[in-house]
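Note that ligands are numbered from 1 as they come in the structure, with each ligand's atoms numbered from 1 the same way. Only a predicted model underlies this, so the values are computations on that prediction, with no experimental measurement involved.
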Amino acid sequence: MTSRVIPVEPFVLVVFGATGDLARRKLIPAMFERDAAGQLPAEAVLIGVSRGQLGQEEFVALAKEAVDEHVPQAERPASLMERFSKRLNYICADVTGDAGWAELAAQLALYKEHTIVFYLATGPALFGPICENLGRFNLARGNTRVVVEKPVGKDSESAHAVNEAIAQVFPEDRVYRIDHYLGKETVQNLMALRFANGLFEPLWNAAHIDHVQITVAEALGVEGRAGYYDTAGALRDMVQNHILQLLCLVAMEPPAMLDADAVRDEKLKVLRALKPMEAPNWVRGQYRAGASAGGPVPGYLEELGAPASRTETFVALKAEIENWRWAGVPFYLRTGKRLAERVSEIVITFRPVPHSMFGQGAGPIVPNRLVIRLQPDEGVKLWLMIKDPGPGGMRLRPVPLDMSFASAFAERNPDAYERLVMDVVRGNQTLFMRRDEVVAAWAWIDPILQAWGQSPEPPKPYTAGTWGPSAAIALIERDGRTWADGGM
Ligand code: BG6
């Protein structure tokens, strides 16, 4: 089966921060891939904006380099790159001052019938000034949309300031707060799994589910982003957005329809029902030197180039949702850098059978588990107890019903940014965070940040290449449970 490519209407994508990491790693390659797939109309244009004094040719060269680096060779024949290059324009502008804006306005005036998407691929400190200038130069007209990257602020107060600055210029129905986890194929499959199958919904509650684990583990360290990362830490960088969004999709009530506000209303209710966190339901860690991907790697402080920092590179939390569906079901959340492997998965563990009719020789009956793997090897596994084949009596063991998306669907899996940018062009906000969701997420995170800020204890050290500090293991073992490492 091949996916349908539905061409979009003519648009201009204006990327602020066009020479930065995000533009090069994600946005330019994503646009190239959509072009290659035949989704972009001939009139689609990308205008790169940044303060670098680049000529048009230099920007095209930068884009080509980005495509060469991030798009597999077989997907980028020279003819496609040539076509893509013709869509590219560059403007040097001072986003906090006046320079370059008149030129941008003149360019955009050429595209009166196009949808205009302003993508703010810059630090959040620039969101306000850029929006202000878009308003001042009368560029935030009716057919325009703005996309902002996470993090939206670093706590409730700063998020409010950023959201206010955006709201001065763009109404909420034209604001797209991106969380690229929502664009991942398997994350959307979570909705398909829950709401397009009759099997799970009757069991999807505290009566049948023992607990939920959400792990987003990375093997990489901070990779040259230490400057940003040290001001954020894992709680702000991963939990406030990606992990809470995953938790919402697992826990939300069925929306009446796949409509942006219907889905976001349900997610919001989950965020508002989160029980306020307190010790000892959290663990924060920081990696020390160790080994990863077969080689020695430095610790966080060495990578940062500073002898002291209390920024956490690992977080484990035991969260609870105070509503009828989930009362008493722990949601164990875990994320970190330089962990044993790169794996993101959601594990739903069902309650044990009430009684075993099998004798001791059959072995233990392991509770059923549904594992939704986001990356790598995306897929879904349902662990069931079955009889060991052959004679020798009734011996039981857990075996997965295993669906790997790579083998079930031969086609390439588009990157989250490809889908999300096209959704912005189409005006579909379903996979973007609404302002009140961001507010509710920060309201839950703020007290954790405050408690950590006031605590005399530094983050717990862990060796790079392991599963985090031993306290994270103790967090779940205290409840008589274990982390489901290794897809089980
Ligand atoms: C980003 C974080 O939002 O997500 C990074 O800022 C993190 O620190 C990245 O590495 C992980 O994304 P993915 O898609 O590689 O799991």
Side-chain angles (χ1 to χ4, degrees), residues 17 20-27 29-30 33 69-70 119-125 127 147-154 159 176-190 214-247 249 284-287 292-293 297 300 303-304 309 311-315 333-346 372-379 405 412-421 431-433 437-438 441-442 445 464 468:
D21 183 60
L22 179 72
R24 281 186 293 175
R25 259 185 329 111
K26 294 291 182 183
L27 301 177
E33 290 279 18
E69 200 175 328
H70 299 288
Y119 198 120
L120 312 193
T122 64
F127 295 171
V147 185
V148 293
E149 266 292 332
K150 64 158 263 278
V152 178
K154 55 189 313 233
Y176 292 73
R177 293 179 195 80
I178 207 159
D179 182 317
H180 78 280
Y181 266 60
L182 293 181
K184 289 185 189 276
E185 190 66 24
T186 322
V187 175
Q188 291 170 74
N189 245 315
L190 191 55
I214 302 179
T215 296
V216 178
E218 295 184 88
L220 293 177
V222 286
E223 306 303 301
R225 291 164 77 228
Y228 149 75
Y229 194 86
D230 200 53
T231 63
L235 190 68
R236 292 187 178 97
D237 187 50
M238 298 296 287
V239 180
Q240 190 270 346
N241 33 74
H242 304 326
I243 291 201
L244 284 186
Q245 287 293 318
L246 296 180
L247 177 142
L249 293 178
R284 57 185 175 134
Q286 191 185 67
Y287 61 85
S292 179
V297 291
Y300 176 71
E303 273 186 69
L304 184 65
S309 159
T311 298
E312 78 286 354
T313 59
F314 174 95
V315 179
L333 315 176
R334 185 174 56 153
T335 185
K337 304 256 181 215
R338 285 274 187 247
L339 295 183
E341 56 180 299
R342 176 177 184 249
V343 55
S344 298
E345 63 188 15
I346 300 168
I372 300 154
R373 188 178 266 239
L374 275 50
Q375 59 196 25
D377 314 326
E378 296 152 313
F405 294 159
R412 83 173 261 281
N413 187 0
D415 184 75
Y417 280 89
E418 293 178 44
R419 169 176 295 113
L420 293 173
V421 174
L431 299 177
F432 296 84
M433 288 183 288
E437 284 183 80
V438 175
W442 278 123
I445 294 285

For ligand 1, find each of its N or O atoms that sits under 3.5 Å from a protein N or O atom, and tabulate the pairs with distances to one decimal place.
from     : atom 1 : to     : atom 2 : distance (Å)
ligand 1 : 3 (O)  : Lys150 : NZ     : 2.7
ligand 1 : 3 (O)  : His242 : NE2    : 2.7
ligand 1 : 6 (O)  : Lys150 : NZ     : 2.9
ligand 1 : 6 (O)  : Arg225 : NH2    : 2.9
ligand 1 : 6 (O)  : Asp237 : OD1    : 2.6
ligand 1 : 6 (O)  : Asp237 : OD2    : 3.3
ligand 1 : 8 (O)  : Arg225 : NH1    : 2.9
ligand 1 : 8 (O)  : Asp237 : OD2    : 2.6
ligand 1 : 8 (O)  : Lys337 : NZ     : 2.7
ligand 1 : 10 (O) : Glu218 : OE1    : 2.5
ligand 1 : 10 (O) : Glu218 : OE2    : 3.3
ligand 1 : 10 (O) : Lys337 : NZ     : 3.1
ligand 1 : 12 (O) : His180 : NE2    : 3.1
ligand 1 : 14 (O) : His180 : NE2    : 2.8
ligand 1 : 14 (O) : Lys184 : NZ     : 2.6
ligand 1 : 16 (O) : Tyr181 : OH     : 2.5
ligand 1 : 16 (O) : Gln375 : NE2    : 2.6

Kindly indicate, with the supporting measurements, whether the criterion side-chain hydrogen bond (donor to acceptor under 3.5 Å, both in side chains) is fulfilled by Tyr229 and Glu223. CA-CA 10 Å; Tyr229 194 86; Glu223 306 303 301; over 6 Å; no
Salt bridge check, Arg342 against Glu218: does any charged N sit closer than 4.0 Å to a carboxylate O? no
Would you please name every residue forming a side chain to side chain donor-acceptor pair (under 3.5 Å) with Lys26, sequence neighbours left out? Asp415
Would you call Arg338 and Glu303 a salt bridge, using N to O less than 4.0 angstrom? yes
What is the ring orientation for His242 with Tyr181, classed by angle as parallel under 30°, tilted 30 to 60°, or perpendicular over 60°? parallel
Assess whether a salt bridge exists between Arg373 and Glu345, defined as any Lys/Arg side-chain N lying under 4.0 Å from an Asp/Glu carboxylate O. yes
